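Remember, it's a predicted structure, so these values are computed and weren't measured experimentally.
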Amino acid sequence: FFFFFFLMFRRPPSSTLDRSSAASDVYKRQIMDSLINQLKISTPGRVCLFGEHQDYLQLPIVACAISLRISIEGKRRNDKLININLPDISMKESFSIDKPITYTQERDYFKSSLAVLLRKAFTFSTGFNCVVEGKIPINAGTSSSSALIVTWINFLTRMSDQAITLPADELAKYAYEAEVLEFSEPGGMMDQYSTSIGGIISVSYTHLRAHETVLDLVCRLLLANKHI
C-alpha cells in the first residue's frame, strides 16, 4: 500500500528559445563556461479523479499528482554520448547526440524526447551520464511513462546550450509530442499536464486545444497497488 498526498508546484518562469545564428567559437566557450555541470530533476506521478481516458475524446478530466516521483540525475560528459542507467529495472541505454536518431525499440522515449527538442532548435554541446530512479508503480495507471518523459525533457532543456527552464504547460506539450505524436499513438494530454504542473488540475478542450486549470483543493488519498 502507498499513502500519498498531492503537492502544489510553482510554475517555472516563462522563457524564450534563442534561435539566432551559430555563435562564434569564443561565444560557444563562454556558453559552456556558464552552463551547469550536474543536475537532478524529479516529477510526480498522477491519479485520475474524474474522466479516465476521456481526454482521448477531448472531454474534460480532473487529475491529481501524487507524492511518488521519478528522478533523473545527470552530469556532463566530454563527448556527445548519452549513457542512461536504470537500476530499478536493471537496464541501461546509450546513444550519441551527433548521430541521426533511429528508434531501436518500441516507445523509444529517451530518443523521441531528444528528437522533439532538436526539431525545436535546442542544441547540445555535450552528452550526459544519467541515472533514472523512481517510486512510481509501473503499469499501474499512475503515469510513470509520462513522468519519465517530463523529467527527461525538463533535464535536457535545462542542460542544453540554451539552458532554458520551460513553463509547465509548454513542458507538457513537448512531452505529449514525444510520447504520443512521435509514435502516432492514441492519447490525450491529461498525463503530461498533470505530471508537469502538479497539484490537482482540470483539463478541458476547446477547438481541440487543451486548457488546464489548477484547482485550489487540499485532500489526502490512499493509493493501493495490487500488482495484478
Evaluate the criterion salt bridge (charged side-chain N to carboxylate O under 4.0 Å, His left out) for residue pair Glu179 and Arg107; output intermediate values, then yes/no. CA-CA 7 Å; Glu179 183 174 4; Arg107 298 173 179 175; over 6 Å; no
With a 4.5 Å limit on heavy-atom distance, are the side chains of Ile101 and Leu114 in contact? yes
Sub-3.5 Å donor-acceptor pair from the side chain of Ser196 to the main-chain atoms of Tyr193, do we have one? no
Linked, directly or transitively: Ile149 and Leu118 (ILVMFWY side chains, under 4.5 Å): yes
Which of these passes ring pair (Phe, Tyr, Trp, His ring centres under 6.0 Å) with Phe110: Tyr103, Phe95, Trp152, Phe128? Trp152
Verify side chain to side chain donor-acceptor pair (under 3.5 Å) between Thr104 and Lys111, making sure each step is shown before the conclusion. CA-CA 9 Å; Thr104 55; Lys111 292 179 183 176; 3.2 Å; yes
Using every non-hydrogen atom in the two residues, find where Asn154 and Leu171 come nearest and quote the distance to one decimal. N-CD1, 3.8 Å
All heavy atoms of Phe183 vs all of Ala178, minimum pair found to be CE1-O, 3.4 Å
Decide yes or no for Glu52 and Met190: does some side-chain heavy atom of the first lie under 4.5 Å from some side-chain heavy atom of the second? yes
Would you say that more than 12 heavy atoms from the other residues, nucleotides or ligands in this model lie under 6.0 Å from the CG of Asn37, or not? yes
Might you work through the side chain to side chain contact (heavy atoms under 4.5 Å, CB included) test for Val47 and Ile66, ending with a clear yes or no? CA-CA 7 Å; Val47 291; Ile66 62 177; 4.0 Å; yes
Is there a side-chain contact between Val62 and Ile201 (heavy atoms, below 4.5 Å)? no
Given side chains that start at C-beta, do those of Gln192 and Tyr174 come closer than 4.5 Å, heavy atoms only? no
Residues Arg119, Glu182; criterion salt bridge (charged side-chain N to carboxylate O under 4.0 Å, His left out); working and verdict: CA-CA 12 Å; Arg119 288 199 297 268; Glu182 190 71 10; 2.7 Å; yes
Check whether Thr142 reaches the backbone of Pro137 with its side chain - one donor and one acceptor, N or O, closer than 3.5 Å. yes
What I'd like to find out is whether the side chain of Asn85 reaches to under 4.5 Å of the side chain of Asn83, using heavy atoms alone. no
Do any N or O atoms from the side chain of Ser160 and from the backbone of Gln162 form a donor-acceptor pair under 3.5 angstrom? yes
Nearest non-hydrogen partners of Cys64 and Leu49, listed with the distance: CB-CD1, 3.8 Å
Is there a side chain to side chain donor-acceptor pair (under 3.5 Å) between Thr43 and Thr151 once you walk through the steps? CA-CA 6 Å; Thr43 301; Thr151 307; 2.7 Å; yes
Taken in chain and number order and not counting sequence neighbours, the residues that satisfy side-chain hydrogen bond (donor to acceptor under 3.5 Å, both in side chains) with Ser143 are Arg46, Asp191
Nearest heavy atoms of Ile82 and Ile97, plus distance in Å: CD1-CG1, 3.7 Å
Considering only heavy atoms from C-beta outward, does the side chain of Val203 approach that of Asp55 to under 4.5 Å? no
For Tyr176 versus Gly188, what's the shortest heavy-atom pair and its separation? CE1-O, 3.2 Å
Give the intermediate values and the outcome of side chain to side chain donor-acceptor pair (under 3.5 Å) for residues Arg77 and Asn129. CA-CA 7 Å; Arg77 293 174 55 90; Asn129 288 326; 3.0 Å; yes
Can you check salt bridge (charged side-chain N to carboxylate O under 4.0 Å, His left out) on Glu177 and Lys120, steps first, answer last? CA-CA 11 Å; Glu177 289 185 41; Lys120 295 183 183 299; 3.1 Å; yes
Any donor-acceptor pair under 3.5 Å linking the side-chain atoms of Ser42 with those of Arg69? yes
Are Val131 and Ile72 packed together at the side-chain level, in the sense that at least one heavy-atom pair is separated by less than 4.5 angstrom? no
Enumerate the residue pairs fulfilling salt bridge (Lys or Arg N to Asp or Glu O under 4.0 Å) with a member in residues 90-103, sequence neighbours excluded, ordered by first and then second residue. none
Looking only at non-hydrogen atoms, find the nearest pair between Phe124 and Asp161 and report the distance. N-OD2, 3.6 Å
With the side chain counted from C-beta on, respond yes when Val116 and Leu181 share a heavy-atom pair under 4.5 Å apart, and no when they do not. no
